Chemist: 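Handing you this structure, nothing more for now.
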Amino acid sequence: MLVCTLVAAVPIDTDKTKATVEAADDGQKPQSTDTGLYYDRYLREVVEVLETDPHFREKIQAADTEDIKSGRISQELDFVSHHIRTRLDELKRQEVARLRVLIKAKLSAPESAGIDRRLFLQKFNHLNHMNPDSFEPRDLDMLIKAATKDLENYDKEHHEEFKRYEMMKEHERREYLKGLDEETRQREEARYEEMKRKHKEHPKINHPGSKDQLREVWQETDGLDPADFDPRTFFMLHDTNSDGFIDEQEMEALFTKELEKAYSPQNEEDDMVEMEEERLRMREHVMNEVDVNQDRLINLAEFLRATEKQEFLEPDGWETVDEQLIYTEEELQEFENHISKTEEDLQRKKEELQRQEEELNKQQQHIQAQRQELQQVVQQMEQKKLPPPPPALPDPAAHFQPVGEQISHLASPQVGNSQPLPPGHLPDAAVVRSQQTP
């Protein structure tokens, strides 16, 4: 019951046109669908641990939906076994550690400057931050209430997201047409109108949840004779997990055949995002009509009661999403103004970043020039510190002459002077050389 109330009832944005129901292997636990909550894993692990405790499981089976959603069931946590509490404590410490990493990354971002840490922590309201080490009844109460609130807002947020998607699509189309010449623009406009016309040429869409719609599923999907249609048997066939309820995923699977009439991924004129929005609108409509106690689950009694209404037998026509006004021209204008402002802000930031990049490049070039000058100065200083080269020493071999050579030299007459010297006289050069000879 806890899983069905908090987890299984959440709608998921997946392409269910290709989904098939396969029998689970013996002993294999069916895989739950992701709720889309940022604490989805923590929520599932807590539920799985609590389901293993016999006392808590018994209390869950006896509790009604209001006891679960209001958090009153959390008081039963005091009576679960010790090893269950120990496992829950471990799960909470892991979740606290994960949140600390997320908070640190968020607060360290430049755009988060000036954010109050305490106010930021209040956004994570699915556990008690003041007691990070143990999982207490208050933690279970906060987890149940946070999940209930977040899941209830899911559909509203999805519709707003789809509205922004449609406005962005129209904005981009208009901007594209502005850049075309007149002839090309007229041709594109005609092509756009032709695609809209082709999309509307599809078989009649049955009213979701009507006898015609369910009998078509009975025939096309279940392969049974439409004359043998039986609501009770239909309910049992499409309660795929046999838990006694048709949840929102099982309900959305009933609309696949209707959606295939109007949408195909092979057709250019069909938008698969619009198809998922159509599926969501169908599911919301049936839940509002059939889910009497508003627990996001349909039991057999609620289903059978709905099949007895006049609306089930003779429903009104169903308008698809493309036949409804998703946004007004004023809303589109406001959206485009917001886009223009955002683009201007981004352009200013881009120009500022480019200016900073140029400034950094100039600073880098200046630093590089200073480095080169410093290197040159260092080289000059190192050269000045070097000692002068030693004087060249005379070559002894260049001045040494044997005695015989000296005598022969002295005895030879000088060139250009044929006058003989008197006996006992030597030339001046010879006298000098004789004095230097050792």
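None of the values given here were measured: they were computed from a predicted structure. Just so you know, these numbers use all the heavy atoms, side chains as well, and skip hydrogens, waters and symmetry mates. In this chain, residues are counted from 1 in sequence order.
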Chemist: Taking everything shown except Q324 itself, do over 12 heavy atoms lie less than 6.0 Å from its CD?
Modeler: yes
Chemist: Working to the nearest 0.5 Å, report the span between CD of E331 and CE of M167.
Modeler: 6.5 Å
Chemist: Stepwise, does the side chain to side chain contact (heavy atoms under 4.5 Å, CB included) test hold for R191 with E194?
Modeler: CA-CA 5 Å; R191 176 176 173 273; E194 176 64 16; 5.6 Å; no
Chemist: Sub-3.5 Å donor-acceptor pair from the side chain of D270 to the main-chain atoms of Q266, do we have one?
Modeler: no
Chemist: Any donor-acceptor pair under 3.5 Å linking the side chain of T184 with the backbone of D181?
Modeler: no
Chemist: Ring of F135, cation from R85 - is the NZ or CZ under 6.0 Å from the centre and inside 45° of the axis?
Modeler: no
Chemist: Would you say the side chain of L180 lies within less than 4.5 Å of the side chain of L177, judging by non-hydrogen atoms?
Modeler: yes
Chemist: Regarding E278 and R281, does a basic nitrogen lie under 4.0 Å from an acidic carboxylate oxygen?
Modeler: yes
Chemist: Between the side chains of H159 and E284, does any donor sit under 3.5 Å from an acceptor?
Modeler: yes
Chemist: Would you mind reporting whether N241 and E250 have side-chain heavy atoms less than 4.5 Å apart?
Modeler: yes
Chemist: Check whether any side-chain heavy atom of E175 sits under 4.5 Å from a side-chain heavy atom of H171, and report yes or no.
Modeler: yes
Chemist: Under 3.5 Å, side chain of R283 to main-chain N/O of E252, donor-acceptor pair present?
Modeler: no
Chemist: Pairs of donor and acceptor atoms involving the side chains of residues 359-367, under 3.5 Å and at least two apart or interchain, shall be tabulated with distances.
Modeler:
{"from": "N361", "atom 1": "ND2", "to": "E357", "atom 2": "O", "distance (Å)": "3.2"}
{"from": "H366", "atom 1": "NE2", "to": "Q370", "atom 2": "NE2", "distance (Å)": "2.8"}

Chemist: Are side-chain heavy atoms of E302 and N299 found at a separation under 4.5 Å?
Modeler: yes
Chemist: Apply side chain to side chain contact (heavy atoms under 4.5 Å, CB included) to residues N288 and H285 and explain how you reach the verdict.
Modeler: CA-CA 5 Å; N288 290 334; H285 172 75; 5.7 Å; no
Chemist: Do we see a donor-acceptor contact under 3.5 Å between the side chains of E216 and N206?
Modeler: yes
Chemist: Roughly how far, to the nearest 0.5 Å, is CD of E166 from CG of L325?
Modeler: 11.0 Å
Chemist: If you count the non-hydrogen atoms of other residues, nucleotides and ligands that lie under 6.0 Å from CD in E334, is the total more than 12?
Modeler: no
Chemist: Classify the side-chain pair T342/D345 by whether it contains a donor and acceptor separated by less than 3.5 Å.
Modeler: no
Chemist: Among Y42, Y38, Y39, which residue meets the ring-ring contact (aromatic ring centres under 6.0 Å, His included) test with F124?
Modeler: Y38
Chemist: Identify the two heavy atoms, one from F335 and one from R164, that lie closest to each other, and give their separation to 0.1 Å.
Modeler: CZ-O, 3.9 Å
Chemist: If you take all heavy atoms of P137 and D78, which pair is closest and at what distance?
Modeler: CG-OD1, 3.3 Å
Chemist: Output the distance between atom CD (E323) and atom OG1 (T320), rounded to the nearest 0.5 Å.
Modeler: 3.5 Å
Chemist: Please determine whether side chain to side chain contact (heavy atoms under 4.5 Å, CB included) holds for the pair L297 and I246, giving the CA-CA distance in whole Å, both sets of side-chain angles, and the decisive distance to 0.1 Å.
Modeler: CA-CA 6 Å; L297 300 168; I246 291 183; over 6 Å; no
Chemist: Using a 3.5 Å distance criterion without hydrogens, assess whether the side chain of E58 forms a donor-acceptor pair with backbone atoms of P54.
Modeler: no
Chemist: Measure the CG-CG distance between L50 and L88 for me, rounded to the nearest 0.5 Å.
Modeler: 5.0 Å
Chemist: What residues form a side chain to side chain contact (heavy atoms under 4.5 Å, CB included) with K200, not counting sequence neighbours?
Modeler: D322
Chemist: With side chain to side chain contact (heavy atoms under 4.5 Å, CB included) as the test, would you mind laying out the steps for L280 and F255 before giving the verdict?
Modeler: CA-CA 10 Å; L280 175 58; F255 308 136; over 6 Å; no
Chemist: Look at E201 together with R197 and state whether they make a salt bridge at an N to O cut-off of under 4.0 Å.
Modeler: yes
Chemist: Under 3.5 Å, is there a donor-acceptor pair linking the side chains of D222 and H238?
Modeler: yes
Chemist: Can you see which heavy atom on E268 is nearest to which on M195, and at what distance?
Modeler: O-CE, 3.5 Å
Chemist: Counting only heavy atoms from other residues, nucleotides and ligands, does the tally under 6.0 Å from NZ of K261 exceed 12?
Modeler: yes
Chemist: Check the surroundings of atom NE2 in H55: do more than 12 heavy atoms from other residues, nucleotides or ligands lie under 6.0 Å from it?
Modeler: yes
Chemist: Please check: side-chain N/O of K92 versus main-chain N/O of P132, any donor-acceptor pairing under 3.5 Å?
Modeler: no
Chemist: Would you compute the distance between atom CG of L43 and atom CD1 of I144 and round it to the nearest 0.5 angstrom?
Modeler: 9.0 Å
Chemist: Can you tell me how far apart OG (S264) and CD (E269) are? Round to the nearest 0.5 Å.
Modeler: 8.5 Å
Chemist: Donor-acceptor pair, D239 side chain versus D243 backbone, under 3.5 Å?
Modeler: yes
Chemist: Work out which heavy atom in I326 is nearest to a heavy atom in K163; give both atom names and the distance.
Modeler: O-CE, 3.7 Å
Chemist: Is any side-chain heavy atom of K59 closer than 4.5 Å to one of F79?
Modeler: no
Chemist: Between E258 and R279, is there a side-chain N and carboxylate O pair less than 4.0 Å apart?
Modeler: no
Chemist: Any donor and acceptor pair, going by atom type alone, linking the side chain of E274 with main-chain N or O of D271 inside 3.5 Å?
Modeler: no
Chemist: Before accepting this row, confirm whether a basic side-chain N of the pair R173/E189 lies closer than 4.0 Å to the acidic partner's carboxylate O.
Modeler: yes
Chemist: I would like to know whether R98 and E95 meet salt bridge (Lys or Arg N to Asp or Glu O under 4.0 Å); could you show each step before the answer?
Modeler: CA-CA 5 Å; R98 185 183 73 90; E95 179 68 2; 2.8 Å; yes
Chemist: Using a strict 4.0 Å threshold on nitrogen-to-oxygen distance, state whether D141 and K145 make a salt bridge.
Modeler: yes
Chemist: With a 4.0 Å cut-off on N to O distance, would you call E188 and R185 a salt bridge?
Modeler: no
Chemist: Would you call K257 and E220 a salt bridge, using N to O less than 4.0 angstrom?
Modeler: no
Chemist: Tell me whether K169 at atom NZ has more than 12 heavy atoms from other residues, nucleotides or ligands lying less than 6.0 Å away.
Modeler: yes
Chemist: Pick out which of E344, K350, E352 makes a side-chain contact (heavy atoms from CB on, under 4.5 Å) with R348.
Modeler: E344
Chemist: Do the side chains of V273 and F162 get nearer than 4.5 Å, heavy atoms only?
Modeler: yes
Chemist: Grab the two heavy atoms, one from E277 and one from V321, that are nearest each other, plus how far apart they are.
Modeler: CG-CG2, 4.1 Å
Chemist: Any sub-3.5 Å donor-acceptor pair from N128's side-chain atoms to D139's backbone N or O?
Modeler: no
Chemist: Quick one: are L99 and H126 in side-chain contact, heavy atoms under 4.5 Å?
Modeler: yes
Chemist: Within a strict 4.5 Å, meaning less than it, do heavy atoms of the V377 and M381 side chains meet?
Modeler: yes
Chemist: Quick one: side chain to side chain contact (heavy atoms under 4.5 Å, CB included) partners of R174, sequence neighbours excluded?
Modeler: E170, E329, L332, E336
Chemist: If you measure only the distance, is there a donor-acceptor pair under 3.5 Å linking the side chains of Q186 and E182?
Modeler: yes
Chemist: Any idea which heavy atoms bring L237 and T240 closest together, and the distance?
Modeler: O-CG2, 4.4 Å
